[in-house]
Amino acid sequence: SGCVVAFEPFKSTFDRLLSETNRLPQVRCLQLALGADERDLFVNGIPERPSNTLLNAVMPGAGEKIHVTTGTKLIRDGQPQPNVIKIDVEGFEEDVLWGFRESLRDSCCTMILIEIHYSLSEKRGFLRAPDRVLSLLRDAGFRTRWLDPGHLKASRPPRKLPDSERLLA
């Protein structure tokens, strides 16, 4: 009865995602990246491997064009509000959370699972990204717990809906 919205910005990986999920009507695949703001990136040298990254950004017009948008914009444009978010974005974890910052505090999201890529964040110059991720989550009302050194779980109780938003049985 649920819905999964999967994001994959790289064409070759997106095509594989579509192929793997085409028999699953509850899965919606979007070819874009989530980030802190709306923009286009051009990425060069994407190897065919399980783990792609946006770290190889180049000048506009060179490489593969990747569209980046924010979670808040997607929700405003009609995508369903997530109740669970899984983030594995190769060093861009903080960016994704910043892109949800306007909607996350008041959303129905009860759990966020994040794979933290320390070395990739550091390559981008974000030495304190894990601390800022924790701060963003806590400011939005989540309790955080490290599952292991690279995996963070943030959770909070379900939001109580006003009577006007409750479904009638």
Side-chain angles (χ1 to χ4, degrees), residues 1-10 14 17 21 24 26-41 51-55 57 66-169:
S1 66
C3 173
V4 173
V5 180
F7 302 91
E8 176 51 56
F10 299 101
F14 180 76
L17 177 64
T21 61
L24 303 170
Q26 71 274 27
V27 177
R28 181 180 312 151
C29 301
L30 301 176
Q31 188 179 351
L32 52 85
L34 292 176
D37 52 24
E38 183 95 13
R39 61 191 167 128
D40 288 325
L41 290 177
S51 216
N52 291 331
T53 180
L54 295 176
L55 286 176
I66 303 295
H67 184 69
V68 181
T69 192
T70 69
T72 295
K73 181 179 184 317
L74 287 174
I75 291 167
R76 278 194 210 127
D77 290 349
Q79 290 295 329
Q81 283 218 12
N83 58 0
V84 175
I85 299 174
K86 181 194 178 287
I87 301 172
D88 183 358
V89 290
E90 309 296 324
F92 288 80
E93 299 84 11
E94 183 180 3
D95 300 65
V96 172
L97 288 174
W98 269 107
F100 273 104
R101 73 188 175 280
E102 294 175 35
S103 58
L104 200 54
R105 182 182 313 276
D106 297 324
S107 79
C108 58
C109 185
T110 60
M111 185 181 305
I112 302 176
L113 301 162
I114 306 174
E115 184 170 348
I116 303 288
H117 295 270
Y118 297 94
S119 62
L120 295 175
S121 293
E122 288 175 11
K123 281 183 183 178
R124 295 183 60 219
F126 296 113
L127 302 178
R128 299 201 55 224
D131 294 333
R132 289 193 305 269
V133 163
L134 286 169
S135 180
L136 278 166
L137 292 167
R138 290 174 181 157
D139 287 349
F142 288 88
R143 294 181 309 270
T144 58
R145 180 170 66 96
W146 289 99
L147 302 175
D148 62 39
H151 294 88
L152 180 64
K153 176 183 177 183
S155 61
R156 65 178 174 198
R159 177 174 74 99
K160 284 196 167 231
L161 294 175
D163 290 337
S164 62
E165 291 183 39
R166 290 189 187 160
L167 294 175
L168 299 175

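We number each residue from 1, following the sequence as shown.
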According to side-chain contact (heavy atoms from CB on, under 4.5 Å), who are the partners of [X], at least two apart in sequence or on a separate chain?
X	result
Val27	Val4, Thr21, Leu24, Cys29
Gln79	Val5, Arg28, Leu30, Leu74
Asp37	Arg39

Fill in: Sequence neighbours excluded - salt bridge (charged side-chain N to carboxylate O under 4.0 Å, His left out) pairs with any residue from residues 66-78
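Pairs touching residues 66-78 that pass the test: Lys73-Asp77, Arg76-Glu102.
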Worksheet item: Does anything in residues 125-134 pair up under salt bridge (charged side-chain N to carboxylate O under 4.0 Å, His left out), and if so which pairs, sequence neighbours excluded?
Response: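 Listed by first then second residue: Glu94-Arg132, Arg128-Asp131.
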Discussion item. Has Arg101 got a side-chain atom pairing as donor or acceptor with Ala140's backbone, closer than 3.5 angstrom?
Written reply: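 Answer holds: no.
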Worksheet item: Between the main-chain N or O of Pro149 and the side-chain N or O of Tyr118, is there a donor-acceptor pair closer than 3.5 Å?
Response: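 Checked: pair present.
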Discussion item. Between Phe7 and Val89, is the side chain to side chain contact (heavy atoms under 4.5 Å, CB included) condition met? List the steps.
Written reply: CA-CA 10 Å; Phe7 302 91; Val89 290; over 6 Å; no
Discussion item. Would you say that Ile87 contacts Ile112 through its side chain, given a criterion of any heavy-atom pair below 4.5 Å between the two side chains?
Written reply: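 Result yes, sub-4.5 Å side-chain heavy-atom pair found.
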Check [X] against [Y] and note the closest heavy-atom contact, atom names and distance.
X	Y	answer
Trp98	Ala36	CB-CB, 3.9 Å
Leu104	Cys109	CD1-CB, 4.2 Å
Leu17	Glu8	CD2-CB, 4.0 Å
Pro82	Cys108	O-SG, 3.7 Å
Glu93	Ile114	CG-CG2, 3.7 Å
Thr69	Glu38	OG1-OE1, 2.5 Å

Who are the side chain to side chain donor-acceptor pair (under 3.5 Å) partners of [X], not counting sequence neighbours?
X	answer
Thr70	none
Arg138	Thr144
Thr110	none
Thr72	Ser103

In Å and rounded to the nearest 0.5 Å, what is the [atom1] to [atom2] distance from [X] to [Y]?
X	Y	atom1	atom2	result
Glu115	Glu90	CD	CD	7.0 Å
Ile75	Gln81	CD1	CD	4.5 Å
Met111	Ser155	CE	OG	6.0 Å
Leu113	Leu152	CG	CG	8.5 Å

Practice prompt. Test Asp95 against Val68 for side chain to side chain contact (heavy atoms under 4.5 Å, CB included), laying out the working first.
Written response: CA-CA 10 Å; Asp95 300 65; Val68 181; over 6 Å; no
Fill in: Derivation and outcome, side chain to side chain contact (heavy atoms under 4.5 Å, CB included), residues Trp146 and Leu134
CA-CA 10 Å; Trp146 289 99; Leu134 286 169; 4.1 Å; yes
